[in-house]
2 protein chains.
Amino acid sequence: MSNKRLTVRQIAEIANVSIATVSRVSRGTGQVSPETRERVLRVIEEHGYRPNQLGRALAEQKHGAVAIVFPGLAGPYFSELIQGFEYEAMETGASVHIVGTHRRAAADDDVLAMSARVDGIAVHGGTIKEETLRRLAADVPVVVLAGRPLDGIPAVRADNSRVAELTRHLLVDHGYRRLAFVGNPDGSPDVTDRWEAFRQGHRDARVPAPKTPVKIGLQQSDGVIAAGELFERANPPRAIVCANDETALGVLIGALGRGLKIPGDVAITGFDDVAMSSLVQPGLTTIRQPIRELGAVTARLLLSGLGEPGAVMDTVLATELVLRGSCGCR
Amino acid sequence: MSNKRLTVRQIAEIANVSIATVSRVSRGTGQVSPETRERVLRVIEEHGYRPNQLGRALAEQKHGAVAIVFPGLAGPYFSELIQGFEYEAMETGASVHIVGTHRRAAADDDVLAMSARVDGIAVHGGTIKEETLRRLAADVPVVVLAGRPLDGIPAVRADNSRVAELTRHLLVDHGYRRLAFVGNPDGSPDVTDRWEAFRQGHRDARVPAPKTPVKIGLQQSDGVIAAGELFERANPPRAIVCANDETALGVLIGALGRGLKIPGDVAITGFDDVAMSSLVQPGLTTIRQPIRELGAVTARLLLSGLGEPGAVMDTVLATELVLRGSCGCR
DNA sequence: ATGGTCGCTGAAACCGGTTACTGCAACGTT
DNA sequence: AACGTTGCAGTAACCGGTTTCAGCGACCAT
């Protein structure tokens, strides 16, 4: 029943005014006499007129939309992140495009093409090549989400260095030795930082750190796989620091499935503090990062225009150590 | 370094042709002599010209974009679904808008507003009011995803009736009595259908079905909560049929945390067959639905135009019973 | 030589809005 | 009475593409 939408000119004709006046009334700008406004409003109401988004966008020279680029959206982390971003964007009247690069061959090209459709793009750290990122930033405002600033491209991220504190806690407060790190530092800037902080924690405690991490993805199922590898070792780790809660929960499930006691046989920690982490038995010791806020701040930054002068280049949100049972506390 | 983009007219002037010719060359339509084409292409190449998306969209009267509306995107189900949708849409050159209605007060209005920005909208079952859905469909092509067709609005969904077969398997093949259903039929059409099929399975086996389900959300953490309720009952269920794998995994974690044996003390089943389900110990008996394909089919349907005549009104994708250890098999 | 066809190209209309500028009438000031 | 403001509304240009239609020269057939 899609009857053709009316245009400004038709509304103008019906209301017996010019298109300029219709536009002024519909967007509430400029001055219009009360009677005229009333009359035009009635006509608009009656015919359910809503200005065509394309015409408006072309005239205003802006899309009223932003995009968020991320690897794939598996797990609560990305869900929260995107919802935070989307909620904030919608609040400002901007719609949100998504581009998942996972499983896509020409991802970088797709991202570049997206620049023609939006007023700004948030790119999750580690999803596209630096070179692509630079070219993208030449076309449209860009913010790196969960990564480091690059050549004038601002970033929004969480304080990953707190993993050093967590590591120190395991080494010093609990006296554990033989820690393992689960996560692939090559995959994302976040994991790079956390692995680095893990090693820093060892240095701080003057304990030698493991040479390599267990390189694996960030999903719960990856954690289960990691558990398989770690617990089959001749000399399994006493404590496992995971790059995020998802993998930590996977490791935890893998451990429980093997009849291991947590934290008696092995301590496990994560990063994020997702909903599940406080529900499992024992509760997962982790580092809380404000995921939703991360997305929201990014959206705000993107939509605030990214003015040249004293622009914010690096926004680091505070994180917090959350001690529960899985590390041996309590 | 955002040097202003060149327009058709500028390219035309440089190449010494008319804007019509530039347009013809850039989009490869109409006939242009080889030499002219070559010359224009060179200019386009040199200046990195790419047609402005807004101008093009206005002229072509289409956005080149579709939207997907869903409650919230927690869990692997929505991830897969959206990725399937997005991948297929991108393949066709359409970009994807997302609208999460979770936590949003004016969700219905937002969805309606979105209709001005896209060529089609996929709405996940149960996210907006039927009335809104109807009004939406008056403006733009709509497909209901994981729900039933409504007044000429086509739907794409999975065969939920297989839950009856699963229920029969638990009742007859394993001889369990006292089954419980975890999931809220009021929340989504999928759960409504599965609850209905659960009762049908009881009728088929001539066993009285429980009066009410455990009304709870679809996330893993909800499953943990459901476990709390079920296992504290005086007469806990012998088998638990969950509305999806997420809650089933939550229930499983809750059961393991209480030291219960699966399937010895309690059998647990899910729906979806997400990655985790084959990794837990014991493996989760579930019903596999082609989530990705569901999203992809929806996108294809939306982008194929939804022609009037013999249009497909209801697409039901096949599901498959996957028997693993959690029901007592093996 | 004339008329018709074909291949190529350009002028101009169009998509549907926004807005700078202009004009007009009513009013107040000297 | 002449002149400057002020409030309101319309004309037309513009945003950046696509596409219809017409024109023009080359070629071929009569």
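Labels below follow one simple rule: chain letters A, B, ... track the order of the sequence lines, proteins then strands, and each chain is numbered from 1.
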At under 4.0 Å, does any side-chain N or O of [X] touch on OP1 or OP2 of [N]?
| X | N | value |
| --- | --- | --- |
| Ser23(B) | dT18(D) | yes |
| Arg56(A) | dT18(C) | yes |
| Arg24(B) | dG10(C) | no |
| Ser33(A) | dG7(D) | no |
| Tyr49(A) | dG17(C) | yes |
| Thr21(A) | dG10(D) | yes |
| Thr7(A) | dG16(C) | no |
| Arg27(B) | dT19(D) | yes |
| Gln61(A) | dG16(D) | yes |

In whole angstrom, give the distance that lies between atom [atom1] of [X] and atom [atom2] of [N].
| X | N | atom1 | atom2 | answer |
| --- | --- | --- | --- | --- |
| Ile11(B) | dG16(D) | CD1 | P | 13 Å |
| Ile19(B) | dA12(C) | CD1 | C1' | 9 Å |
| Arg5(B) | dC15(D) | CZ | C1' | 16 Å |
| Asp119(A) | dC15(D) | CG | P | 18 Å |
| Arg9(A) | dG10(D) | CZ | P | 14 Å |
| Asn52(B) | dC14(D) | CG | C1' | 13 Å |
| His63(B) | dG17(C) | NE2 | C1' | 13 Å |

By nearest-heavy-atom nucleotide on DNA chain C, the more 5' of Glu60(B) and Pro34(B) is Pro34(B)
Minimum-distance pair of heavy atoms, taken over all atoms of Ile68(A) and Leu145(A)
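The answer is CD1-CD2, 4.0 Å.
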If you check the [X] side chain, which of [options] turns out closest?
| X | options | result |
| --- | --- | --- |
| Gln31(B) | dT18(D), dC8(C), dT18(C) | dC8(C) |
| Val17(A) | dC15(C), dT18(D), dG10(D) | dG10(D) |
| Ala20(A) | dT11(D), dG17(C), dG10(C) | dT11(D) |
| Ser18(A) | dT18(D), dG10(D), dC8(D) | dG10(D) |
| Ala59(A) | dG16(D), dT11(D), dG17(C) | dG17(C) |

For Phe78(B) together with His102(B), are the ring centres under 6.0 Å from each other?
no
With a 4.0 Å cut-off on N to O distance, would you call Asp108(A) and Arg135(A) a salt bridge?
no
In plain terms, say whether Arg5(A) and Asp139(B) are close enough for a salt bridge, that is, a side-chain N and a carboxylate O under 4.0 Å apart.
yes
Residue list, side-chain contact (heavy atoms from CB on, under 4.5 Å) with Val43(B), at least two apart or on another chain
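Residues passing side-chain contact (heavy atoms from CB on, under 4.5 Å) with Val43(B): Ile11(B), Ile14(B), Ala15(B), His47(B).
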Tell me whether Thr298(B) contacts the main-chain N or O of Leu294(B) through its side chain, where contact means a donor paired with an acceptor under 3.5 Å.
yes
